[in-house]
Chemist: 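Pasting a structure here, questions to come.
All ligand and atom numbering here is 1-based and tracks the order in the structure. Keep in mind that what you see is a predicted model, and the values were worked out from it rather than measured. Hydrogens, waters and symmetry mates play no part in the numbers below; they use all other heavy atoms, side chains included.
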Amino acid sequence: MEEYDAVVVGGGCAGTSAAFFLKEYRPDMNVLLIDRLDGKRFDFYHRMCGEAVSEDAFRELRPLRAEHVVHDINFVEERWPGGVVMGIRHRGYIVDRPRLLRSIQDRFLSRGGVLERDAALSVRRENGRYLIGCSSGRTIASRFLIGADGVNSRVRRDVFGTEPPMVIWTEQYIVEKDVPGNKIVFIQGERYNGGYRWEFPAGKHARIGFPRGTDIVQEEIVEKHRRAIPTGGLERIAEGRCYLVGDAAAMPNPLTFGGIRTAMLSGRKAAEAILWDDPGMYEGWWRSSMFSHPCFMQAFNRFAGLSDAAYAESARVFGNGNLPLSFLKAMFLYPQYRDLYLAYVRSAIVGW
Ligand SMILES: Cc1cc2nc3c(=O)[nH]c(=O)nc-3n(C[C@H](O)[C@H](O)[C@H](O)COP(=O)(O)OP(=O)(O)OC[C@H]3O[C@@H](n4cnc5c(N)ncnc54)[C@H](O)[C@@H]3O)c2cc1C
C-alpha cells in the first residue's frame with residue numbers, strides 16, 4: 001500500500017494552497033495531492049466557479065501572489081431597489097483561476113510534492129492512519145489528511161459525518177457583454193432570495209450569476225453552469241489528524257458568496273496546524289476569525305425575507321456617496337435594520 005505523511009483530497013483553491021504550504025513549511029514531508037479532474041475538465045470546473053479575489057487575500061497568503069490577473073478591480077458597485085447606487089473602493093483582481101492554481105501546483109511539484117488525478121471514494125481511519133480508497137482501485141495510507149474536496153466532500157461525509165447547514169444553488173453565465181470600468185457590480189432585491197446578481201468583467205466577456213431560477217440573462221450566452229455554494233460553517237473542522245478546508249468546511253460567506261480567500265487561507269492554516277500537530281489551533285483560528293461570524297448568516301436570512309420596498313427603505317440614506325456618515329444616520333433613523341448595517345460593515349472589513 002502507498003504511504004504518505006499527508007494526503008490532500010481536492011486540488012482547488014483550498015487543496016492547492018494546503019499542499020503548497022505543507023511543502024513550504026515541511027520540505028521533508030511526503031505530500032500527495034489528488035484531484036478527480038485534470039486537463040480541460042479541471043479548467044472548466046475552476047473557470048466556472050468564481051475568480052474575484054481581493055488584494056487583502058494575497059497579503060495573507062504570501063509568498064503566494066496574484067498571478068494571471070485578467071482585470072484589476074478597484075471598485076465595487078452595489079445597486080439596490082429604489083434606485084440607490086453605492087460605490088465602495090476595494091482593490092482586488094479577476095484572476096484566471098485555472099492558470100493560477102496550476103502555477104501554485106507547479107511550485108508544489110518543484111518542492112517534491114506529488115500530484116495525481118484520482119478521486120477519493122471512501123475514507124476510514126485504522127491504526128492511527130487514514131485509508132483513502134480511490135477510483136483508480138488503489139488504497140492510499142496517510143498520517144494526516146486534508147479534505148479540500150468541495151461542497152460534496154467525501155472526506156467530510158466519511159470522517160465527520162456532516163453536511164453544510166446551507167447550500168445556495170447558483171447559475172453562472174459567461175456572456176457577450178462589456179462591464180466598463182475596473183469594477184464588479186452587485187444587484188440586490190427581493191427576487192434573489194437573500195442573495196444577489198453579480199456582474200464581473202471576464203476578459204472580452206462578462207460573467208453574470210445569481211441564485212438558481214431567480215433571474216435571466218438577455219445577452220448572448222458563451223458558457224453556462226450550475227454550481228452550489230455551501231455556507232454556514234460546521235461544528236467541527238478538525239478531527240484527529242484530519243482537517244476540512246474551504247467549501248468542504250462550508251466556509252464561504254453567505255452575504256458576499258466569497259469563498260476563494262477563506263479556501264486558500266484555511267489551506268494555509270491547516271498546514272500550520274499539521275506542522276505543530278495541533279488540530280485545536282486550526283479550530284481555534286476559525287472560531288475566532290471574523291470569517292465565521294454568525295452575523296453573516298443571520299443577515300442572509302433577514303435579506304431573504306425583505307420586500308423590495310424594505311430593501312429600498314434600508315438603503316435610502318446611502319445614496320449621497322458619504323458612506324460613514326450615511327451609516328451613522330441609518331443606524332439612528334432605521335434601528336429595525338441595524339443588524340443588516342452591522343453585518344455589512346463587518347463584511348466590508350473582512351472583505352472578499
Ligand atoms: C458560481 C460561483 C461563483 C463564485 N464566485 C466567487 C468569487 O468571485 N470570489 C470568491 O471568493 N468566491 C467565489 N465563489 C466561491 C468559491 O468559488 C469557492 O468558495 C471556492 O472555489 C472553494 O474552493 P475549494 O478548493 O474549497 O473547492 P472547489 O473549488 O470546489 O475545489 C474542489 C476540488 O476538489 C476536487 N474533488 C471533488 N471531489 C473529489 C474527490 N472525491 N476526490 C478528489 N478530488 C475531488 C474537485 O475536482 C475540485 O478541483 C463562487 C462560487 C460559485 C459556485
Chemist: Which residue and non-hydrogen atom of the protein lie closest to atom 17 (O) of ligand 1, and at what distance in Å?
Modeler: Cys49 O, 2.5 Å
Chemist: So how far is it from Leu101 CG to Asp106 CG, rounded to the nearest 0.5 Å?
Modeler: 11.0 Å
Chemist: How does Asp118 reach ligand 1, if at all, at less than 4.0 Å between non-hydrogen atoms: by side chain, backbone, both, or neither?
Modeler: backbone
Chemist: What atoms of ligand 1 come closer than 4.0 angstrom to any heavy atom of Gly246?
Modeler: 26 (O)
Chemist: Would you say NZ of Lys329 has more than 12 non-hydrogen atoms from neighbouring residues, nucleotides or ligands within 6.0 angstrom?
Modeler: no
Chemist: Please give me the minimum heavy-atom distance between Ile208 and Glu219, naming the atom from each residue.
Modeler: CD1-OE1, 3.9 Å
Chemist: Using distance alone, decide if ligand 1 has a nitrogen or oxygen within less than 3.5 Å of any nitrogen or oxygen in Ala52.
Modeler: yes
Chemist: Can the ring centroids of Phe144 and Tyr243 be said to lie less than 6.0 angstrom from one another?
Modeler: no
Chemist: Does the gap between the ring centers of Phe44 and His225 come in under 6.0 Å?
Modeler: yes
Chemist: Does Gln172, backbone or side chain, put an N or O under 3.5 Å from an N or O of ligand 1?
Modeler: no
Chemist: Under 4.0 Å, heavy-atom basis, I'd like to know which part of His46 is in contact with ligand 1: side chain, backbone, both or neither.
Modeler: side chain
Chemist: Can you tell me which residue and heavy atom of the protein come closest to atom 33 (C) of ligand 1, and the distance to 0.1 Å?
Modeler: Asp35 OD2, 3.6 Å
Chemist: For the rings on Tyr192 and Tyr196, is their centre-to-centre separation under 6.0 Å?
Modeler: no
Chemist: Quick one: look up the protein heavy atom nearest atom 32 (C) of ligand 1 and list residue, atom name and how far away it is.
Modeler: Ala148 O, 3.5 Å
Chemist: If you count every heavy atom of other residues, nucleotides or ligands that lies below 6.0 Å from Arg287 atom CZ, does the total exceed 12?
Modeler: yes
Chemist: Relative to ligand 1, is Ile229 under 4.0 angstrom through side chain, backbone, both or neither, heavy atoms considered?
Modeler: side chain
Chemist: Quick one: which ligand 1 atoms are inside 4.0 Å of a heavy atom on Ala119?
Modeler: 42 (N), 43 (C)
Chemist: Among all protein heavy atoms in this structure, tell me which lies nearest to atom 41 (N) of ligand 1, with the distance rounded to 0.1 Å.
Modeler: Ala120 O, 3.1 Å
Chemist: Sequence neighbours left out, what passes ring-ring contact (aromatic ring centres under 6.0 Å, His included) with Tyr341? Give chain and number order.
Modeler: Phe318
Chemist: Using a 3.5 Å cut-off on N or O atoms only, is Ala263 in polar contact with ligand 1?
Modeler: no
Chemist: If you measure every N or O of Ala14 against every N or O of ligand 1, does any of those distances drop under 3.5 Å?
Modeler: yes
Chemist: Are any of the N/O atoms on Trp198, whether in the backbone or the side chain, positioned under 3.5 angstrom from an N/O atom of ligand 1?
Modeler: no
Chemist: Quick one: closest heavy-atom pair of Arg268 and Arg62, and the distance?
Modeler: NH1-O, 2.9 Å
Chemist: Side chain, backbone, both or neither: which applies to Arg41 and ligand 1 if a contact is any heavy-atom pair less than 4.0 Å apart?
Modeler: neither
Chemist: Before signing off on this row, confirm whether Arg261 and ligand 1 have an N or O atom pair separated by under 3.5 Å.
Modeler: no
Chemist: Please check if atom CZ in Arg338 has more than 12 non-hydrogen atoms from other residues, nucleotides or ligands closer than 6.0 Å.
Modeler: yes
Chemist: What's the shortest heavy-atom distance between Glu77 and Arg79, and which atoms?
Modeler: OE2-NE, 2.8 Å
Chemist: Show the atoms of ligand 1 that are less than 4.0 angstrom away from any heavy atom in Pro252.
Modeler: 19 (O)
Chemist: Using the ring of Tyr45 (Phe, Tyr or Trp, six-membered ring only), decide whether Arg97 places NZ or CZ under 6.0 Å from its centre and within 45 degrees of its axis.
Modeler: no
Chemist: Under 3.5 Å between some N or O of ligand 1 and some N or O of Arg97?
Modeler: yes
Chemist: Is Ile260 touching ligand 1 with its side chain, its backbone, both, or neither, if touching means heavy atoms under 4.0 Å apart?
Modeler: both
Chemist: Which residue owns the protein heavy atom closest to atom 44 (N) of ligand 1, what's the atom, and how far is it?
Modeler: Arg36 N, 3.1 Å
Chemist: Could you work out, with salt bridge (charged side-chain N to carboxylate O under 4.0 Å, His left out) as the rule, every residue matching Lys269, not counting sequence neighbours?
Modeler: Glu272
Chemist: Any idea which part of Thr170 is under 4.0 Å from ligand 1, heavy-atom wise: side chain, backbone, both or neither?
Modeler: side chain
Chemist: Show your working on side-chain hydrogen bond (donor to acceptor under 3.5 Å, both in side chains) between Gln105 and Thr16 and close with a plain yes or no.
Modeler: CA-CA 6 Å; Gln105 287 170 1; Thr16 293; 3.1 Å; yes
Chemist: Quick one: which ligand 1 atoms are inside 4.0 Å of a heavy atom on Arg227?
Modeler: 53 (C)
Chemist: Once rounded to the nearest 0.5 Å, what's the spacing between atom CG of Leu265 and atom CH2 of Trp286?
Modeler: 9.0 Å
Chemist: Is ligand 1 under 4.0 Å from a heavy atom in the side chain of Ser153, in the backbone, in both, or in neither?
Modeler: neither
Chemist: Tell me, please: is Leu37 in heavy-atom contact with ligand 1, that is, under 4.0 Å?
Modeler: yes
Chemist: Counting heavy atoms only, which part of Phe257 comes closer than 4.0 Å to ligand 1: side chain, backbone, both or neither?
Modeler: backbone
Chemist: Going by distance only, is there an N or O of Val151 that falls short of 3.5 Å from an N or O of ligand 1?
Modeler: no
